[in-house]
Each structure stands twice: as structure tokens, then as C-alpha cells.
Amino acid sequence: MSMHLREVSSAAVIVRQLRRAYGSRVVIDGLNLRIERGEFVALLGESGCGKTTLLRALSGLDSVDGGTIDGPRLPAVVFQEPRLLPWESLARNVALGLPDSVENRVRALGALAEVGLGERAEDWPRNLSGGQAQRVALARALVQEPRLLLLDEPFAALDALTRIKMQRLVKQLVERHRPGVLLVTHDVDEAIALADRALVMRDGAIAGEYVVAQHAVTALRETLLAELGVDSHA
């Protein structure tokens, strides 16, 4: 069965019985997932469990072998690396993919202002710190007002203080723009701080689901660590 992408009105994305294999190795098998608009979902799992494969399938960067994906054909994606074009200004990087018009130029400038870089629209990527470059990547994603925003460990390469600042910024922007969000992360604390739901992926499927607000932070942290095979008391 091939993958189907079609627009849905009430949810950011709906995944049904998704399957992906590389030769004889099955990476995703019978996975189901629904993310509502405005909902922030964090996806945790050990390396090799299929998190990145799922994100690539949702973004359209990878094909699948079965099941359906009902959602936007071109969701916005922020990767671990900012992936900015070094020969373009920050404003033109943000407007990448939008038709060239005065209106879209204004939208790009507004998006840069939202991430605290409004005065550097004509600056170049080479002059940015790692955190600033990720702010531009986030502005580029949100300027399209996406239904679905995919975050692939976007803070992993940042220092601890910058990571905290970026997490707070992302939370504010998501509350303002209301896309459905899927954050792939290895950081349990990050998942608890940002997400409405924390999902644990194992053996190619969703093995655990936790509504963050329904749990005490310390207890949820220990539970998620245990799900990932980590003894928090060790």
C-alpha cells in the first residue's frame, strides 16, 4: 500500500497503520498518531526506534510502504542544523519558498521580529551564533503559518542556557500561531517542559502516551526515563 497525503480540517495530521521497511528491516510497523491543531506533542525513544523515519515520512522526505498520512503536503520543518543559505540575507532566508512580493517581504520581516532579530534582516548567516541561526530557521518555518510544524531535535547542538531560551521562545510562538507540533527529542525534561502529550516510540510503534498536565513533573520524569530504559535512581 502506498502513502496518501490529503488535507484534513480538524487535525494537524492523522497517521493510520503506517509501515516503513528498509529491505527486511521493519522500522515502523502499524503506527497510529493524531495531532490536533494547536497541540504540542513530544516524541521520545531510543536511537533506532524509528523517530526520525516517522518525521521524514510526515515531512514528505521519505516514502512509506503502507498506511495513510492525512495532513499538509508541505509541513514546516526545523532541523537540528539551521540549513540557512549563506549567500542570502536573513530576510531572504526567511522568505525562502514564498512568492517574491512586497507582502511576503513584510511577512518575513515580521517573522524575524517575532524571534528577536527584526533589526538584522539584511545581515548574513555567517554573522550569527548557533542560537540566532536557529531563530531564523524557526522564523522561516512559521512565516508560512503551517498547519503542522515538525521539530527534529532543533536545540540539541545549543549550549544549556541558549537551549532554555529557545524552548521558551518556541512555546510562545506555538501558542501564538497554533500549529500542531511534533518534536522529536531525546531530552525527557524538554518534552515535559514543552509538550501537551509525551509519546514513547518502541519497535516501530507508539508504546506509551502521557498527557503532561495529568502527572506530577517528578513522577512523569521517572516514568519516561524508565520507558527509555534509564534508571533515574542509579
Side-chain angles (χ1 to χ4, degrees), residues 5 7-16 18 28 31-45 49-62 69-83 94 97 111 114-115 131 134-158 162-201 206 208-215 217 220 224:
L5 285 167
E7 300 289 338
V8 290
S9 58
S10 62
V13 67
I14 302 173
V15 180
R16 299 183 182 91
L18 202 66
I28 297 177
L31 186 142
N32 295 293
L33 172 67
R34 180 182 178 116
I35 301 175
E36 302 295 337
R37 293 186 183 187
E39 183 183 25
F40 202 126
V41 175
L43 183 64
L44 298 154
C49 73
K51 301 188 305 297
T52 298
T53 299
L54 173 60
L55 185 139
R56 288 180 59 83
L58 293 176
S59 66
L61 294 174
D62 199 2
I69 300 174
D70 293 354
R73 295 182 181 275
L74 293 174
V77 187
V78 179
F79 298 96
Q80 185 172 332
E81 306 83 19
R83 303 190 180 188
V94 171
E114 279 195 293
V115 299
Q134 279 297 63
R135 285 173 181 258
V136 177
L138 184 61
R140 181 176 58 194
L142 290 175
V143 75
Q144 303 175 42
E145 293 294 341
R147 171 180 294 176
L148 177 64
L149 174 63
L150 304 173
L151 304 175
D152 188 11
E153 299 191 76
F155 317 127
L158 305 178
T162 303
R163 187 182 307 125
I164 292 171
K165 291 179 179 179
M166 283 297 296
Q167 289 170 353
R168 290 176 177 174
L169 176 63
V170 165
K171 195 172 183 69
Q172 292 170 0
L173 292 174
V174 168
E175 289 175 353
R176 186 179 306 160
H177 291 269
R178 307 297 293 169
V181 182
L182 180 66
L183 166 69
V184 171
T185 181
H186 284 94
D187 189 333
V188 167
D189 293 321
E190 180 172 89
I192 294 173
L194 292 175
D196 302 304
R197 280 191 295 148
L199 308 180
V200 178
M201 192 169 178
I206 304 302
E209 178 177 352
Y210 302 88
V211 177
V212 173
Q214 294 179 356
H215 300 268
V217 171
L220 179 57
L224 291 174

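Because only heavy atoms are used, hydrogens play no part in the values below, and waters and symmetry mates are left out as well, while side chains stay in. If you read the sequence from its start, that first residue is 1, and numbering goes on from there. These figures come from a predicted structure and were not determined experimentally.
- With sequence neighbours excluded, no residue forms a ring pair (Phe, Tyr, Trp, His ring centres under 6.0 Å) with H186.
- Side-chain contact between E153 and K51 is absent, with no heavy-atom pair separated by less than 4.5 Å.
- Remark: side-chain polar atoms of D196 are paired, donor with acceptor, to backbone N or O of F40 under 3.5 angstrom.
- Using a 4.5 Å cut-off on side-chain heavy atoms (C-beta onward), L194 and T185 make no contact.
- Counting heavy atoms from C-beta on, the side chains of P154 and L183 come closer than 4.5 Å.
- More than 12 non-hydrogen atoms from other residues, nucleotides or ligands lie less than 6.0 angstrom from NZ of K171.
- Between V115 and L142, the closest side-chain pair of non-hydrogen atoms is not below 4.5 Å.
- Under the 3.5 Å distance criterion, the side-chain polar atoms of R140 are left unmatched by any main-chain donor or acceptor of G97.
- Two residues are said to be in side-chain contact when any heavy atoms from C-beta on lie closer than 4.5 Å; I206 and L43 meet this criterion.
- For the pair E114 and R176, the salt-bridge criterion is met [side-chain N within less than 4.0 Å of a carboxylate O].
- Residues I35 and V181 are not in side-chain contact: their nearest non-hydrogen atoms beyond the backbone lie 4.5 Å or more apart.
- In this structure the side chain of L149 reaches within 4.5 angstrom of the side chain of V78, judged on heavy atoms.
- Salt-bridge check for D152 with R56: failed, with every basic side-chain N at 4.0 Å or more from each acidic carboxylate O.
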